[in-house]
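Please read the structure below before turning to the comments.
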2 protein chains.
Amino acid sequence: MKSNHAISEKHMAGKRPGRPSVDRRDEILDAAERLYEAMGFEKVTVTDVARALGMSPANLYRSFANRQAIDEAVTSRALTAVEDAAWHVARGAAADPVHIFELLCMDIALKMRDLLFWSGRSSDLCLAATRGNWPPVQAFMQTLRGLIRHVIAEGQRQGVMRADLPLEETTAATFSAMAKVWHPVMLDTFGAADLESETAALTRLLLEALKVKN
Amino acid sequence: MKSNHAISEKHMAGKRPGRPSVDRRDEILDAAERLYEAMGFEKVTVTDVARALGMSPANLYRSFANRQAIDEAVTSRALTAVEDAAWHVARGAAADPVHIFELLCMDIALKMRDLLFWSGRSSDLCLAATRGNWPPVQAFMQTLRGLIRHVIAEGQRQGVMRADLPLEETTAATFSAMAKVWHPVMLDTFGAADLESETAALTRLLLEALKVKN
DNA sequence: TTCATGAAAAAATTTATATTCTTTCATCGT
DNA sequence: ACGATGAAAGAATATAAATTTTTTCATGAA
């Protein structure tokens, strides 16, 4: 799975005057990200982003259909970082799917917390995206679900997780259960005070259901 | 001060001119509830409530410290109805704690859904209360947690649920897991389309962890 | 005294207006 | 042509003034 920037340009506004031949999306997103980080994304105007790049605001619209598209792309990049780290855990060194499950659950919870409470002002964007159920958030949640399914399936294959539980339903239920410690809206509502112990307890309980009995 | 210290009236605004000797709280709450239902609680003024009762607005302030207190009391009554129904299920006819657990989880989820999506305009109030984490909501959540603990403890006592799982931690984890289908903020974010099957799947998985092995 | 109210201060909300931001597109320079 | 832009229309957001709502409290009636 290589980076496929050149291909996935469904975002390229085809109707616009002329889209750039060289792709300046990443430049733009870098600048936007920096500004969002510095002053909170709600205070940043597209003029600010353009100025930071020494171009006119109008020029941004050849790379992005509108401001919402920029916001979503920045969101996407932030969430992709979490996804990548999580996939790394899931495919990582640890061989035992049970252990991987534990690591994965905790890793995601802590990364989401960081995103919301320690990512400077980027949390505004993350929260807005979550509240509005923006497409990148939906995609992200799908990825998380895929991760869970992957680990459970592997656990079942290796005989350390119960194979008599239906994979899809079990995946869905596990994913639902983790929402309390994974979902930004929940983290925002309850804060992240006992997040670690809560996540650990939740994970332990779920594993009691998933693990094969001794 | 006289010998009158049998004051169970913790709610009585003590600092106010003279509090009523006969408690008109319930009357007031009835009127408020009716109005909230009819026109949405954000549109209702305390003057409206007072007028509905044929009294002056100022008079309400002898029974309630402020409008927020009225809103919270109405919220409290709505949530108490759910609590009561849930306790009824928990202590109800069904003898098997495992079955009670299933019924309880589903009952709460469906009642929360009704509150949010079918209670006319009362859902505004419920959502505002949940978003702001009002005290009645916190109390409600504590009650739900208590219900779960009760059922699990009973299941352990009867030997149908695993007694080797620590009661408090298991209760906490179970409660966390149910947030996805119980918590108004989640219901609001995701809608209630597949609520029943999601709740059923979640409950089944949790029971796999809680039940004793065959 | 005890209960209740009118009237007014304080707070919040709405309305109207002004300013800024987003987005388009005709036009410029290469 | 092609990438880029200035300028202006359309949206959205902020500011200010007016109105409504919440809350207090001194005073009156029972």
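The structure displayed is predicted, hence computed values, not measured ones. Just so it is clear: chains get the letters A, B, ... in the order the sequence lines come, proteins before strands, and each one is counted from 1.
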Could you state the CG-C1' distance from B/Leu53 to C/dA4, rounded to the nearest angstrom?
14 Å

Under 6.0 Å between the ring centres of A/His183 and A/Phe175?
no

Please report, rounded to the nearest Å, how far the C1' atom of D/dT27 is from the CZ atom of B/Arg62.
15 Å

Nearest whole Å is fine: how far is D/dT23 C1' from B/Ile70 CD1?
12 Å

I need the CD-C1' distance between A/Glu42 and D/dA14, as an integer number of Å.
14 Å

Which nucleotide wins on minimum distance to the side chain of B/Ala58, given the candidates C/dT5, D/dT22, D/dT23?
C/dT5

Shortest non-hydrogen contact from A/Ile100 to A/Ala90?
CD1-O, 3.5 Å

Find which nucleotide of DNA chain D each of A/Gly54 and A/Lys43 is nearest to by heavy atoms, and output the residue with the more 5' nucleotide.
A/Gly54

Heavy atoms of B/Pro184 and B/Leu127 approach each other most closely as O-CD2, 4.2 Å

Is any side-chain heavy atom of B/Met161 closer than 4.5 Å to a side-chain heavy atom of B/Glu154?
no

Whole angstroms only, please: what is the CD-C1' distance between A/Gln68 and C/dT22?
13 Å

Please give, in whole Å, the distance from C/dA4 P to B/Glu27 CD?
10 Å

Salt bridge or not between A/Glu37 and A/Arg34? Use side-chain N to carboxylate O under 4.0 Å.
no

Can you check the A/Leu60 CG to D/dT5 C1' distance for me, whole Å?
12 Å

Any idea which of C/dT22, D/dT22, C/dT5 is nearest the B/Val46 side chain?
D/dT22

Compare the minimum distances between each of D/dT23, C/dT23, C/dC21 and the side chain of A/Arg67, then state the nucleotide with the smallest one.
C/dT23

Whole-Å distance between D/dA12 C1' and A/Asn66 CG?
14 Å

So if I take every side-chain heavy atom of B/Tyr61 and compare against D/dT22, C/dC25, C/dC21, which nucleotide ends up nearest?
D/dT22

Out of D/dG6, D/dT21, C/dA4, which nucleotide sits closest to the side chain of B/Arg24?
C/dA4

Could you work out which one of C/dA4, C/dT23, C/dC21 sits closest to the side chain of B/Asn59?
C/dA4

